[in-house]
Structure formats: structure tokens, C-alpha cells
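Letters go in sequence order (proteins before strands), and every chain restarts at 1. Keep in mind it's a predicted model, so treat the numbers as computed, not measured.
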Amino acid sequence: MSRFNALKADAAWQQVWDDRQTFAVRDDSPRPKSYVLEMFPYPSGKIHMGHVRNYTMGDVLARFRRMQGMEVLHPMGWDAFGMPAENAAMEKGVHPGEWTYQNIAAMKAQLKRLGFALDWSRELATCDPAYYGHEQALFLDLHAAGLVYRRESAVNWDPVDMTVLANEQVIDGRGWRSGAPVEKRKLNQWFLRITDFADELLAGLDSLDKWPDKVRLMQENWIGKSRGMQLGFTLSDGGHVEVFSTRPDTIFGASFVAVAADHPIAQAAAAGDAAAEAFIAQCKRGGTTAAEIETQEKLGYRLGVTARHPFTGAALPVFIANFVLMEYGTGAVMGVPAHDQRDLDFARKYALPVPRVVADGERTDAVFEGDEAYTGAGRLVNSQFLDGLDVDTAKSEVIARGEAEGWGRGTTVWRLRDWGVSRQRYWGTPIPIIHCDACGVVPVPKAQLPVTLPEDVTFDIPGNPLDRHPSWKHVDCPACGKPARRETDTLDTFVDSSWYFIRFASQPADRPFDKAAAEAWLPVAQYIGGVEHAILHLLYARFWTRALRHIGKLDVAEPFAGLFTQGMVTHETYKAQDGRWLAPEEVRDGIEVASGAPITIGRVEKMSKSKKNTVDPAPIVDQYGADATRWFMLSDSPPERDLQWSEAGIEGAWRFVQRLWRLFDGNAPAAGDDAALTRKLHQTIAGVAADIEALQFNKAVAKLYELVAAIEKAAPSAARNEAVATLVRIVAPMTPHIAEEAWAAMGGEGLVADAAWPDVDTALLVEDEVTIAIQVNGKLRDTLVLPRGMAKDAIEAAALGAPNVVRILEGRAPRKVIVVPDRLVNLVA
RNA sequence: GCGGGCGUGGCGGAACUGGUAGACGCACCGGACUUAAAAUCCGUUGGGCCGAACGGCUCGUGGGGGUUCGAUUCCCCCCGCCCGCACCA
């Protein structure tokens with residue numbers, strides 16, 4: 001008997017698949033279509049274990065669907081624009097494009113080495129003008145439809161490097177290179193009107209029944225539809241302020257009004273008040289992330305004016321506050337400290353009154369004690385005409401009075417904000433707009449697309465190379481012909497990934513996609529990717545698809561019919577004494593291998609290039625082969641759960657591949673039945689199919705181990721040979737190379753990749769005997785093997801006769817008997 | 001701070017819709033084969049107690065409480081870890 005030479009078989013069969021174009025998909029195939037897609041990778045340099053996990057799962061499903069007779073579109077491409085390429089340019093002096101294409105070549109080779117059933121003829125890279133030119137055309141279409149606009153918005157500003165920083169480049173409030181404290185700075189930027197689609201993006205979640213509930217819930221909360229009220233307060237100086245509140249019921253608990261630093265009232269105050277100006281400047285310190293803003297100390301500046309309470313007439317102090325956001329609601333809030341935690345923190349700090357207006361059970365005391373706001377339900381108290389009402393009724397009552405008296409109205413607000421797509425960077429899709437002093441904003445005529453990036457750029461100083469390029473931005477206005485300037489911002493890379501799945505389905509040269517061809521494949525039947533994309537990428541892609549439908553380009557509402565979010569592959573992080581991140585292979589037993597110096601072991605985090613805690617699959621594939629690597633990735637860990645990387649077990653996967661080969665290679669002719677084995681075989685065919693369909697590969701793996709063990713133990717028979725021959729096809733989606741080798745050796749027709757999934761004899765799926773648990777007072781005391789489907793009283797009689805039951809009951813009759821047919825009897829004594 | 005998720009033997013995990021907790025794999029230990037090793041095969045393995053043994057009893061699914069004949073599963077509170085928070089992709 002021979003040993004399976006994995007490395008030789010891998011190369012041979014990958015060559016065969018390539019030569020025969022086995023996985024090239026046909027648009028005109030008569031077979032039912034299925035689109036299986038994994039989130040395309042950023043070409044960071046090497047694939048890591050997270051990629052292997054993601055693409056192996058998708059591959060098993062794609063191969064399985066092919067075996068079920070479907071025409072499967074399973075493409076691959078590159079999310080190729082992004083910051084790391086510019087960082088590489090700064091550090092190594094290599095052009096971002098060159099660096100990116102080198103990485104693509106390296107990673108493509110690694111993916112091919114794993115034997116994925118991908119249609120490489122549809123490969124695309126988003127940094128290719130042949131891709132981003134079409135993206136520019138779509139951007140112009142959305143612009144023409146009024147879905148694109150420009151406004152001011154804050155960015156992280158590094159005052160030393162004089163450059164915009166990404167949130168990731170702000171470390172502890174400081175610029176990552178300069179170390180200077182970052183500030184918020186306003187820039188004119190491009191936005192997409194995703195909020196126009198807020199309602200349908202929310203409603204559409206209901207139709208996504210093949211999405212995980214948790215992702216739908218996260219998107220629902222992110223969109224954040226809430227009913228609230230806009231209330232006008234008259235100011236003591238004769239002015240007026242509109243505040244927004246989701247809790248108008250608590251209006252009698254209001255003890256102050258707060259406005260954002262950007263609010264016109266704050267801006268006006270700053271004009272004549274140096275202290276107010278200084279406070280607003282202080283609010284501009286720090287970065288723009290929500291986590292940073294919401295965890296910083298609540299600070300306020302008390303203005304001279306007061307706001308008149310619409311019911312009591314009380315004069316409420318007006319503050320500028322650093323926790324109020326101009327982007328949400330009206331940029332002004334009424335502070336109800338007893339029933340909102342942020343307001344309470346603020347009130348305690350500035351010694352403001354804290355009246356209770358919602359009863360917490362029995363607690364109705366007018367002056368609220370403690371430092372934990374009560375946000376729960378209850379009856380209104382200390383609130384005049386609202387007393388005794390519940391929260392919802394009180395809300396409606398206040399809205400009704402405000403509307404009747406003309407100082408307020410009920411509104412719907414969304415947490416979702418419009419999508420800012422401007423990036424002050426080089427390595428992205430140029431925004432196809434020209435600014436003309438005479439004509440204003442002028443779209444680049446479509447005939448002039450693509451607007452390509454200039455090659456001759458430098459990265460030796462911070463800032464956007466497009467902006468300082470000597471000639472690139474200087475063009476003539478397409479409208480009037482006078483000298484004008486190109487937009488030098490590029491598009492957010494999330495735009496690139498918002499339509500790549502459409503381009504995979506249809507890629508004509510002269511337009512982004514063909515409507516009918518794309519609609520033939522879409523929506524994606526099964527989309528697979530990391531849970532970290534649960535909100536942003538998936539929401540943007542949903543929006544983009546709906547926006548295309550809105551302008552008549554594509555009649556698809558939801559791009560991804562089925563979604564599976566895999567857990568992340570995580571690993572410890574390591575840091576050298578001087579703060580450098582170290583890769584796992586640079587560390588052994590708590591010391592840095594190169595220097596012998598001790599290291600610091602950090603948190604367990606998702607594998608990422610920036611923290612260097614990635615593990616390269618190449619050595620594993622080279623040692624154990626593609627099948628063992630794939631099998632190992634599918635084993636043990638449930639795919640939706642995070643997986644802390646460990647190599648323990650790869651040996652077992654490799655042993656399993658060799659066990660398979662011993663079965664395949666040792667199948668000598670024999671005769672006779674083996675009913676038990678045949679039953680096990682059919683149960684496994686059905687079980688594995690169900691598990692693959694549900695993407696529960698770890699369970700499919702366990703079932704296959706059981707079947708293999710059963711075959712190994714079985715005596716030679718025709719049934720055993722049949723089981724071995726069928727096993728080849730069952731494992732084919734997971735370990736395709738050894739399956740092809742065995743299929744060929746056994747004289748199978750064509751490739752096992754093209755073979756049909758084995759049929760199941762459903763009559764064999766149920767056992768005719770069942771083991772029934774016998775409990776006394778809920779504790780297992782015995783088990784009985786009985787025929788399936790036995791009547792309740794017969795089961796009860798059998799249970800009462802079980803030796804352990806007789807011993808424990810000592811002749812007493814049970815008080816109560818619970819019989820669950822085919823499963824269990826519980827005798828309550 | 002806000003939103004979401006997860007927590008089961010030494011380890012990864014399984015357990016249908018509330019019904020025998022620990023399938024399957026790893027690791028470990030013992031045995032077979034071998035001159036030897038590798039490979040392979042067989043067997044043991046949650047903790048504690050009783051027993052020569054067959055076996056029996058008992059505790060046990062992050063912690064505390066609750067519902068139920070019965071809870072890893074449902075409810076409440078708490079702890080820990082992970083992900084996201086709009087310029088990382």
C-alpha cells in the first residue's frame with residue numbers, strides 16, 4: 001500500500017483544474033445558478049489564517065453546490081486601494097501601485113496553492129483604472145441623481161505634520177508620527193445621501209432571513225430610528241433654540257439646555273466672549289471618534305442667556321457642552337439629569353438641580369439622589385398634567401401640547417449619518433469632479449473617464465501627493481474652458497467594495513456592468529466574511545445597490561441574500577522592549593529570538609498586519625499539503641466563533657488524510673452486505689450535506705471521522721467497498737486533491753469536482769431502536785433500548801421494571817410519571 | 001461611554017424545539033507490532049467518594065438567584081473576554 005504524496009497530488013490536480021478551466025463559470029449554463037462569494041482581501045502582502053479560514057469555508061460550499069448540479073459563480077479579486085500602500089511608499093520608497101501588485105501576485109500564488117475552486121478569469125483589482133473608471137461613472141450617475149453633495153465636516157488634524165489623520169493613525173489622542181495632540185478641523189467634503197434610504201435600509205432587514213439575527217440587530221441599532229420631539233425654547237436675550245429629545249415625557253425634569261461647540265449660538269457667543277471662544281477651542285482638541293468623545297470628561301461653559309421652560313416658565317441655564325454633537329438631531333439638547341446618565345454627570349459637576357419626574361417603583365422623591373440615572377419605565381411624577389401617565393402616553397401628550405401651542409413637533413430622527421466619502425489621500429479612486437471659479441462644481445464628462453492617478457508622485461513629506469503634484473490637478477473647465485482645478489480628494493475604499501460583487505457578475509469593458517447579466521447572478525446566494533464588517537461594509541453595499549436601483553441601473557434590492565459572519569482568527573500580540581511589534585515567529589518562550597531580549601505579551605486580538613500577530617499559512621501548506629490544511633481549518637472550531645490560533649491538531653488532520661488514503665488505496669473486491677455500515681453511510685451523506693448547507697463544518701468533520709472509523713472497523717464486503725467509493729465524493733469538497741487522486745485511481749469518470757453528490761436512501765436515516773433515559777427525580781438512573789415508536793404506557797411499564805428503578809423506589813409508586821416518547825421517562829417519587 | 005457577541009474536561013469543541021452533559025478531534029497515559037525508532041493499531045482519561053470487580057453515589061456547563069418533573073438551553077443580576085463605533089480594511 002502506498003502513502004499519499006500530498007505535495008505531488010496538490011500540484012498535479014491544481015494543474016489539471018487550471019488546464020481544463022474546471023471552475024470557469026458559464027453565463028449561459030442551463031443549470032441553476034448560485035453565487036458564492038467571500039469578502040475579497042486587501043492585498044497586504046501575505047495571506048493569513050483568517051483568509052485561509054474564510055476562503056476554505058466558501059470553497060467547500062462552492063464545490064458542494066457544484067456537486068449538487070448548480071452553475072456556481074465563485075470569483076476572487078483584490079480590495080487594492082488603501083493606506084498601507086502609502087505607508088509602504090513612505091517607509092520603503094516603493095510606489096503604492098508596485099507594492100500592491102507585488103502583493104497581489106504573492107497572495108494569488110498562495111490562494112492557488114490551497115486549491116480553491118475559483119474562477120480566476122473574473123479576477124479584478126479595485127486599483128485598476130479598468131475598475132475605478134467605472135466606479136467614477138457610477139459616482140457621476142449618483143451625483144446627477146442628487147445623491148451626492150458637499151458640506152463641511154470634521155477630520156483629525158495633525159498640527160505638526162499639517163495633515164489629515166485616519167482614526168487608526170491617532171494613538172492616545174496624538175498623531176502617530178509627530179506625536180502632537182490632534183485637533184478637529186473642518187474640511188469641505190463629499191457625502192452620499194445614505195440617509196435618504198434609511199427607511200428602506202431598515203425595512204429591508206426584515207427580508208434578510210438568511211442573515212444572522214445579530215447582524216440585523218446591529219444594523220437596526222446603527223440606523224437607529226427613534227421617535228422624538230423638536231422643541232423650541234425662547235431665550236432670555238430674545239433669541240431662540242431648537243432642541244431635540246427622545247424623552248419629551250421628562251420635560252418637567254429639564255434643568256439645563258446644552259448646545260454643541262459648532263452650534264450657531266455657541267459661535268455667536270464666541271464672538272464677544274474670549275472665555276467662550278477658549279472653551280470652543282478646547283472642544284476642538286482631541287480626535288473625532290465616538291469612543292473618544294463619549295468617554296472624555298463632560299465639560300460645559302455657561303452662557304449668559306437662559307432658556308424659558310415652555311410649561312413652568314423656569315429660566316434654564318444654557319451651556320456649550322463637549323458631549324453634544326452637531327451631527328445628531330439639532331445640535332442642542334435639553335438636559336434631564338435624573339433620567340439620562342450623561343446629563344446626570346454633567347449636572348453633578350456643575351451643581352445643577354436634579355428633579356425626578358419618573359417614578360422608580362415606589363421611589364417618587366422630588367429630588368433625585370445618587371449618581372446612576374433612572375432610565376427605566378414608570379409613572380410620571382412631579383410633572384403637573386403628566387402625573388400618573390406612563391412614559392409613552394406622556395411622550396404623546398407633550399408632543400400634542402407642543403404642536404397645539406406651536407412650540408414643538410413630533411419628529412423621527414435617525415442615528416445614521418450621511419456617508420462621508422472624501423479622503424485626502426493618493427491611493428484611492430480620484431473623485432471625478434472639477435472645480436471652476438466661474439462654473440463651480442463641474443462633473444468630469446464621462447467620455448474623459450477614467451480620471452487616472454498620476455504615477456510620478458512623492459511620499460517624502462506628509463500630505464496628499466495629488467494636491468502638491470505640479471500639473472495633475474490643473475485642467476481646463478469642461479464647461480467654459482477656462483483654467484480650473486481637479487478635485488484632489490479620493491474616494492473612501494468602502495466605495496470600491498460596495499459594488500465589486502456586481503462587477504464580478506458582469507464585466508463589460510465599456511460600462512460598469514450589464515444590467516441583465518448582473519441580475520442573472522444577483523443577489524449573492526451566500527456571502528461569507530468577518531463579523532467585523534457586520535455594519536459598515538454591509539450597510540454601504542446595501543445602500544449602493546439600492547441607490548443603483550433608484551436610478552434604474554440594476555433591479556436588485558438586496559445584494560446579499562445569505563450572509564455568514566465567520567469569527568475572527570486571533571493571536572497573542574508581542575512587543576519588544578522598545579515598543580516594536582513582533583511577529584509570532586520572532587518570539588520563542590518569552591524572548592525575542594534575534595536579540596535574546598525579553599518581550600511583553602499583549603492582548604489576544606484579531607490577526608492584523610499592523611500588530612504583526614499574523615500567522616503565515618505557507619509553511620503549514622508546504623509541510624502537510626493543501627488538504628490537511630483545509631481539513632484542519634474546518635475541524636473543531638465552530639466557524640462563527642472566534643478562533644485563537646494554535647497549531648495543535650494539524651498533525652491529526654494530516655493523519656486523517658493518510659487514513660483516507662489507506663481506505664481508498666486498499667479497496668479490494670469483496671462481496672456481501674453490511675446493513676449497519678450502509679445505514680451509517682447514508683446518515684453521513686445526509687448529515688454532512690446538512691452541515692455544509694448550514695456552514696457548520698466542524699460538525700461535518702466529526703461525522704466524517706465517525707464514518708471513517710466505522711469503515712475501518714467493518715469486515716470486507718461489497719457494502720464496505722461501496723462506502724469507501726462513496727466517501728471519495730463526500731470528502732471531495734473539503735479535501736479535493738486526495739479525492740481527485742482516489743477518483744482517478746478507482747476509474748471515476750471525469751473529475752470528482754464535476755461528479756454528483758451521492759444520493760441518500762432516506763429509509764435508512766432513522767434507527768429502529770432507541771435508547772431511552774430513565775430518570776428518577778430528574779436524575780439518570782438507567783437506560784433502556786426499546787423499539788422506536790413504542791406507546792407511552794408500554795414505555796412507562798418498561799421503565800418501572802428497570803433494575804435500578806426497582807432498587808431506588810423500593811416498592812413505592814411514583815407520584816408522577818413524565819414520558820417523552822423515544823427519548824426519556826422521568827419518575828417523580 | 002454606546003451597540004453586538006461569547007464563556008462547557010488539560011485544550012478545541014458536541015448536545016435536535018427544555019429531555020442521557022462531555023460526541024468528534026488534540027494532548028496525555030497504558031498496551032500491541034518492531035532489533036530499535038517512526039508509522040500504524042487497541043484501550044484509558046471531568047472532579048470527589050465507596051467498591052477486589054461488575055458497578056454505585058455525588059458534584060459539575062464563568063459566578064449568584066429564579067421558573068420547571070427536568071436547565072449548557074428560558075428569565076433576572078453580576079464577572080471576564082472579543083468585535084464594532086462612521087478616515088484600518
Any side-chain N or O of A:Arg425 below 4.0 angstrom from OP1/OP2 of B:A89? no
Please pick, from B:A14, B:A89, B:G84, the nucleotide with the shortest atom-to-atom distance to any side-chain atom of A:Tyr42. B:A89
So, do A:Ile772 and A:Val825 sit near enough that their side-chain heavy atoms are less than 4.5 Å apart? yes
Between B:G4 (P) and A:Leu205 (CG): distance, integer Å: 14 Å
Rounded to the nearest angstrom, tell me the gap between atom CG in A:Leu416 and atom P in B:G84. 19 Å
With respect to the phosphate group of B:G7, does any side-chain polar atom (N or O) of A:Arg641 fall under 4.0 Å of OP1 or OP2? yes
Separation of A:Glu168 atom CD from B:A89 atom P, in whole Å? 7 Å
Please compare A:Asn698 and A:Glu706 by the position of their nearest nucleotide in RNA chain B and report the one closer to 5'. A:Asn698
May I have the distance from A:Trp222 (atom CH2) to B:C85 (atom P), rounded to whole angstrom? 7 Å
Is the distance from OP1 or OP2 of B:C6 to the nearest side-chain N or O of A:Lys214 less than 4.0 Å? no
Ion pair A:Glu487/A:Arg150, N-O distance below 4.0 Å: yes
Once you apply a heavy-atom cut-off of 4.0 Å, does A:Met39 come out as touching a base, just sugar-phosphate, or nothing? nothing
Starting at CG of A:Asn464 and ending at P of B:C87, how long is that distance when rounded to a whole Å? 17 Å
At under 4.0 Å between heavy atoms, what does A:Thr493 touch on the DNA or RNA strands: base, sugar-phosphate, or nothing? sugar-phosphate
Using Watson-Crick or G-U wobble geometry with both distances below 3.5 Å, tell me the partner of B:C11, or none. B:G25
In whole angstroms, how far is the P atom of B:C83 from the CG atom of A:Leu643? 14 Å
Separation of B:C87 C1' from A:Asp496 CG (nearest whole Å): 14 Å
Looking for any heavy atom pair under 4.0 Å, which part of the strands does A:Ala291 touch: base, sugar-phosphate only, or nothing? base
Return the CD to OH distance between A:Gln189 and A:Tyr149, rounded to the nearest 0.5 Å. 11.0 Å
Side chain to side chain contact (heavy atoms under 4.5 Å, CB included) between A:Glu135 and A:Val495: does it pass, once the steps are laid out? CA-CA 8 Å; A:Glu135 184 167 308; A:Val495 176; 3.3 Å; yes
Is the phosphate of B:A27 approached by A:Arg655 (side-chain N or O, under 4.0 Å from OP1 or OP2)? yes
What is the distance, to the nearest angstrom, from the NE2 atom on A:His533 to the P atom on B:C85? 10 Å
Side chains of A:Ser635 and A:Phe656: closer than 4.5 Å at any heavy-atom pair? no
